[in-house]
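On a predicted model such as this, the values are computed, not experimentally measured, just so you know. Numbers here are sequence positions counted from 1.
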Amino acid sequence: MSKFTVGIIGSGAMGAGIAQVVAQAGHPVCLLDKNAAALQRATSGIEASLRKLAEKGKITSSDAEAAIGRIRACSDMDLFAECGLVIEAIVEDLAVKQAVFQDVEAVVSDDCVLASNTSSLSIASIAAACQKPERFIGIHFFNPAPVMQLVEVIPAVQTRACLAEEIRTLVQSWGKLPVLAKDTPGFIVNRVARPFYGEAIRILEEGIADMATIDWAMTELGGFRMGPFTLMDFIGHDVNYRVTESVFTSFFFDPRYKPSFTQKRLFEAGYYGRKAGRGFYDYREGAVPPKPTRDEALGRQVLHRILAMLINEAVDALALNVASKQDLELAMTKGVNYPKGLLAWADELGLQNVLTTLDDLYHEYHEDRYRASPLLRRMVAAGHTFFQHGAPVENRQH
């Protein structure tokens, strides 16, 4: 059975990566970009990537060439008339995305599904610009799309019933791990992961531990692949700071997501991290990386403070039905490669211990940033755990 054509708008890293995933899954792809040079770079990059996979024996040469043959570089949106699905992967600007989808709707068939790869904008807001918002949905891949398994599927309030499940099944057929998320700021990963950065910076600002020591604590003692400062420098402060600011604003300035002046100053200075040669760390030639203080007691204090904040965020997302328990765990282990799901980690540490850490911080600082999720408090009172035994309390329904 022939597969429907997928249109992809934007041939940057995300658009090209999604095009490769979809083409490898057997769909004809129309990759659209008005910038001819960018489009050429993207198609050349996809071809090189697929042939490299064949050289390494991960796919056959014939499969690589077949996937390459399915991708058509398009400069004219009229070619989207044959598409069954169109995914947008362009600049994170609401007005620009809305305008693009208005143009798309003038071309595509009535039953074509429209999707955005946005990581930070409201799906409902983008859908509102469409004549048929019921066919609109969020499909958020992680970079690099061909490598990262997780895909967040986000129905808007306008999205027709059953479309989210249809897209979830489709994404699974592409060899990915889809999770369903409510249309709230940051969806799952970019919401739950905020304290990994924010609380690490707060510990640094207070002089409790330096960057190298915090990174050492999180990697050596916590098992994270990268420490928060190394990871922020790797992502780039032009991206990471903007996401933090966007989530903070979108949550009506909830102090749990408050950005830091420390990172804002790096952003303002153009010290974006690795790509700029400077960030939290100095990557210029001859620079000597700082050494951590390998004090295990200090390291565990840092780890447990950041971990308690991450767990609290995951618990609160569960309490507010942002995602299911299973999807929350999958999102954090496959989307940002955490060593364990945060809810399972909470069970392991003991929910009472997590609550005590949060309450101690709250009593010390008197900041709403450290308020414990009511669900965590209820579970401790009831003696429940998330996975180990007993019936977990998943939400407020009594």
Start with the C-alpha distance between E152 and K176, add both sets of side-chain angles, then the distance that settles salt bridge (charged side-chain N to carboxylate O under 4.0 Å, His left out), and finish with yes or no. CA-CA 10 Å; E152 293 176 323; K176 296 299 182 184; over 6 Å; no
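- Taking all atoms of both residues into account, the shortest heavy-atom contact from I311 to A346 is CG2-CB, 3.6 Å.
- The pair E329-K325 does not count as a salt bridge, with every side-chain nitrogen at least 4.0 angstrom from each carboxylate oxygen.
- Defined by atom type and a distance below 3.5 Å, a donor-acceptor pair is present between the side-chain atoms of N240 and Q263.
- Ion pairing of E92 with R242 is absent here, as no side-chain N (NZ or NE/NH1/NH2) approaches a carboxylate O to less than 4.0 Å.
- For Q40 and S44, the side-chain atoms include at least one donor-acceptor pair closer than 3.5 Å.
- Aromatic ring centres of W216 and F224 lie farther apart than the 6.0 Å criterion allows.
- Q24 and Q20 form a side-chain donor-acceptor contact under 3.5 Å, judged by distance and modelled atom types alone.
- For K52 and E47, the salt-bridge test fails: no basic side-chain N is under 4.0 Å from an acidic carboxylate O.
- On the SG-SG cut-off of under 2.5 Å, C83 and C112 do not qualify.
- Smallest separation of non-hydrogen atoms from P259 and Y241: CB-CE1, 3.7 Å.
- At a cut-off of 3.5 Å, with distance as the only test, no side-chain donor of T262 or S260 sits close to an acceptor on the other residue.
- Heavy-atom minimum distance, L121 versus T118: N-OG1, 3.0 Å.
- Under the 4.5 Å side-chain heavy-atom criterion for Ile, Leu, Val, Met, Phe, Trp and Tyr, V151 and I8 are members of the same hydrophobic cluster.
- Salt-bridge check for D359 with R371: failed, with every basic side-chain N at 4.0 Å or more from each acidic carboxylate O.
- Taking the six-membered ring for Trp and the full ring otherwise, Y197 and F229 have centroids separated by 6.0 Å or more.
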Can D360 and Y370 be said to form a side-chain hydrogen bond (donor to acceptor under 3.5 Å, both in side chains), step by step? CA-CA 9 Å; D360 286 349; Y370 298 110; over 6 Å; no
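- Looking at D295 and T293, their side chains never bring a donor and an acceptor atom within 3.5 Å of each other.
- In this structure, L349 and H304 have side chains that are in contact, with non-hydrogen atoms separated by less than 4.5 Å.
- Separation of the F101 and F136 ring centroids falls under the 6.0 Å cut-off.
- Using a cutoff of 4.0 Å between basic side-chain nitrogens and carboxylate oxygens, R305 and E364 are not scored as salt-bridged.
- Y365 carries R202 over the face of its six-membered ring, with the cationic atom under 6.0 Å from the centre and within 45° of the normal.
- Taking CD1 of I139 as the reference point, atom CG of L85 lies at 5.0 Å (rounded to 0.5 Å).
- Using modelled atom types and a 3.5 Å distance limit, the side chains of T219 and R225 yield no donor-acceptor pair.
- Using the six-membered ring where Trp is involved, F248 and F253 have ring planes that are perpendicular, over 60° apart on the 30 and 60° scheme.
- The aromatic rings of H366 and Y362 lie tilted to each other, with the angle between the two planes from 30° to 60°.
- Salt-bridge annotation for R168 and D327: present, with a side-chain N of the basic residue lying under 4.0 Å from a carboxylate O of the acidic one.
- Within the 4.5 Å cutoff, side-chain heavy atoms of L376 are placed close to those of N312.
- Between N190 and H140, some side-chain heavy-atom pair lies under the 4.5 Å cut-off.
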Assess the residue pair E313 and R191 against the criterion (salt bridge (charged side-chain N to carboxylate O under 4.0 Å, His left out)); give the C-alpha distance rounded to whole Å, side-chain angles, the decisive distance to 0.1 Å, and a yes or no. CA-CA 8 Å; E313 207 53 57; R191 173 193 188 135; 3.8 Å; yes
Please test E199 against R369 for salt bridge (charged side-chain N to carboxylate O under 4.0 Å, His left out), starting from the C-alpha separation and ending with a verdict. CA-CA 10 Å; E199 202 56 27; R369 168 192 191 91; 3.0 Å; yes
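- Taking a cutoff of 4.0 Å between a charged side-chain nitrogen and a carboxylate oxygen, D316 and R256 qualify as a salt bridge.
- In summary, the aromatic rings of H237 and Y271 are positioned with their centroids too far apart to meet the 6.0 Å limit.
- Side-chain polar atoms of E165 and T169 form no donor-acceptor pair below 3.5 angstrom.
- No salt bridge links D233 with K275; every basic N to acidic carboxylate O contact stays at or beyond 4.0 Å.
- For E55, the side chain to side chain contact (heavy atoms under 4.5 Å, CB included) test picks out no residue, with sequence neighbours left out.
- Under the ring-ring contact (aromatic ring centres under 6.0 Å, His included) criterion, Y257 pairs with F251, sequence neighbours left out.
- Between A317 and L328, the closest heavy-atom pair is CB-CD2, 3.9 Å.
- D215 has its side chain within reach of P228: a pair of non-hydrogen atoms, C-beta onward, lies under 4.5 Å apart.
- Ring geometry, W174 versus F141: the interplanar angle falls under 30°, so the pair is classed parallel (tilted spans 30 to 60°).
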